[in-house]
Amino acid sequence: MMRTHSCGDLRKEHVGREVALCGWCHVRRDHGGLIFLDLRDRSGRVQVVFNPQEEKEAFSVAQEIKSEYVLRVQGIVSARPEGTENPDLPTGEIEVHASRLEILNVAKTPPFQIGDTQGVDDVVRLKYRYLDLRSERMQRNLSVRHRLVTAAREYLNSQGFWEVETPILLKSTPEGARDFLVPARLYPGKFYALPQSPQLMKQTLMISGVERYYQIARCLRDEDPRADRQVEHTQIDIEMSFITEEDIYAVVEGLFAHTFGACGIDISTPFPRLTYEEAMERFGTDKPDLRFGMELREVSSIVKGTEFRPIAQTLDYGGIVKGLCVPQSDDIGRKEIDRLTAFAARFGAGGLIHLVVEDGSLSGPLAKFFTPEQQESLKSAFKASSGDMLLLIAGDSATVNESLARLRVHLAERLELIPAGQWKFAWVTDFPLFSWNATGKCVEAMHHPFTSPREEDLPLLDTDPLKVKGRLYDVVLNGQEVASGSIRIHRREIQEKVFKMIQLSPEEAERRFGFLLEAFEYGAPPHGGIAPGVDRLVAAIVGEENIREVIAFPKTATGADPLTGAPSEVEGDQLAELGIALRPSETEDRK
RNA sequence: GGAGCCGUCGUUCAGCGGUCUAGGACACUGGCCUGUCACGCCAGAGAUCGGGGGUUCGAAUCCCCUCGGCUCCGCCA
């Protein structure tokens, strides 16, 4: 037997026990006549003592040990001498007096100290990911992820869901994100696509009579990564038949309660619900952070009539004036205002009006443009008290909301208004089905084109499509979208109608989604689903800013993998076999 | 596609026109040390400053290009 115990599990009750342990040398402290060595495995660390008077042989082997050597230790668990206990270590009350030490493998000096990657370049960490992952932090992240996914399976299984795998090689349907393409060797000139999500397959499974499906699914999108976004990410993909929104809400709330519970976090259900409209109104975003206040207020009607040109003009062309109230803003000086203005400008805000609330009135360079009545109304609109600061932005509603929403979060972080250890979930519902696309010429699907319009809005499809609400719902957690889903269309004529709305010709629709349209004609049940994002959920639970920290082998911000060297060039005959020739410029660029 | 910031011993940080023969910390090597736990003490080795070009009498330091990284905008149905 290689080992009898795990390092981190040893406690006082093991004292006197003969144990065998395996692990890595975390650190060695050589006192000349006495050597301490912290042995580390997945469970934690334990101190091993080598005393030449007890075991000469083991002691002399211990003299050779360096960081990250792989070791097997036999010895007796002993209570530490009075006064030498280490309260910072779970195993700090005991130590192992080694009788035998085997070197299972030697190790080169690691490029960084295990567990101390603070400030180490990400490329170095990713290149030596296997060392990075040995750290307590990363092992905890992996284990929390495992617990969450396991709990998700437990819960969904208990609710009658079947886990079904769907293909990794699919047909390309360039609808939203850019597809990753895979050349099909047997069909020169043709390509598979990697799934952006199992959307079409899970709907097909509903038509197949599966009724309750889930999958821990990898989703791949060939778009630029971000801190909360990688080219590949993992979803708990869920779809159900014969249900309404309420069934989804119940399953998801149960799922989150169970999975967070498995990670040691109690959350309260049901989640509060906000409509999209209300979220935009109060927070300027469809993923509000509900852990703090500073809600937005529209004050267009209050400031109407002011002489201040930017506001007057904005209101004339149909824009709005909206703002928020920063509590106890004493430490926001002139410089800070400039910085906040620049921050808001990044999201299109033309300017930032600041007004300091004093006992009787408002002060600030622009206060004079508001009548005493207006000042009073502003104060009461924000329920502002002396010492607060009002920040107002004028412009079109999209810009105003975006910049104020960002400003709200930015300020809350700066002023440390966000309480730690809170899990503020909410449903955001009643999204519009369509929004203007980038060109502004036609509408596009807000979520995806398979989302069902509300029954009562069907007549609006022809008259006022932007007013049509979709049967859409998101889960937001602490200001992040952590799940998104919808009730789907299950009737061919409505699906065709929606395709038409987004300027997808019948021929194009047939080519891309013909199989689904046809399947709808063979008795498609009403169905819908949702897909919580594993990476973001785990990151939130363990308090990581970047989802890279909760993925075993992530990519850099440019989609590269420093460990394996992907992406890489391929052999000429591999390309020849696929019938692919690179354009000269492409190959030149890479030399 | 665009913007900002960054790139100096293994790691990290300082140096920002000459004093740099590039400095500190950790790691590393050698020595000493029987109660440490980021052990301590002494000594030592280790970088031509991401790469290329330019300005200058002189460049780690200024300029241009390039590569790589991080963050953000675009993008992400």
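Order of the sequence lines sets the chain letters (A, B, ...), proteins ahead of strands, with each chain counted from 1.
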Base, sugar-phosphate, or nothing for [X], non-hydrogen atoms under 4.0 angstrom?
X: Asp224(A); value: base
X: Arg226(A); value: base
X: Arg80(A); value: base
X: Thr117(A); value: nothing
X: Glu95(A); value: base

Answer yes or no: does a side-chain N or O of Arg229(A) lie under 4.0 Å from OP1 or OP2 of C73(B)?
-> no
Rounded distance in Å - CG (Leu34(A)) to C1' (C32(B)) | 15 Å
Spacing of Leu37(A) atom CG relative to C37(B) atom P, expressed in whole Å | 15 Å
Distance, P atom - from G53(B) to A60(B), rounded to whole angstrom = 14 Å
Say you pick atom C1' in C26(B) and the same atom in G46(B); how far apart are they, in whole Å?
-> 14 Å
So, the side chain of Asp179(A) versus the backbone of Leu181(A): is there a donor-acceptor pair under 3.5 Å, distance only?
-> no
Of U29(B), U71(B), U36(B), the nucleotide closest to the side chain of Thr84(A) is U36(B)
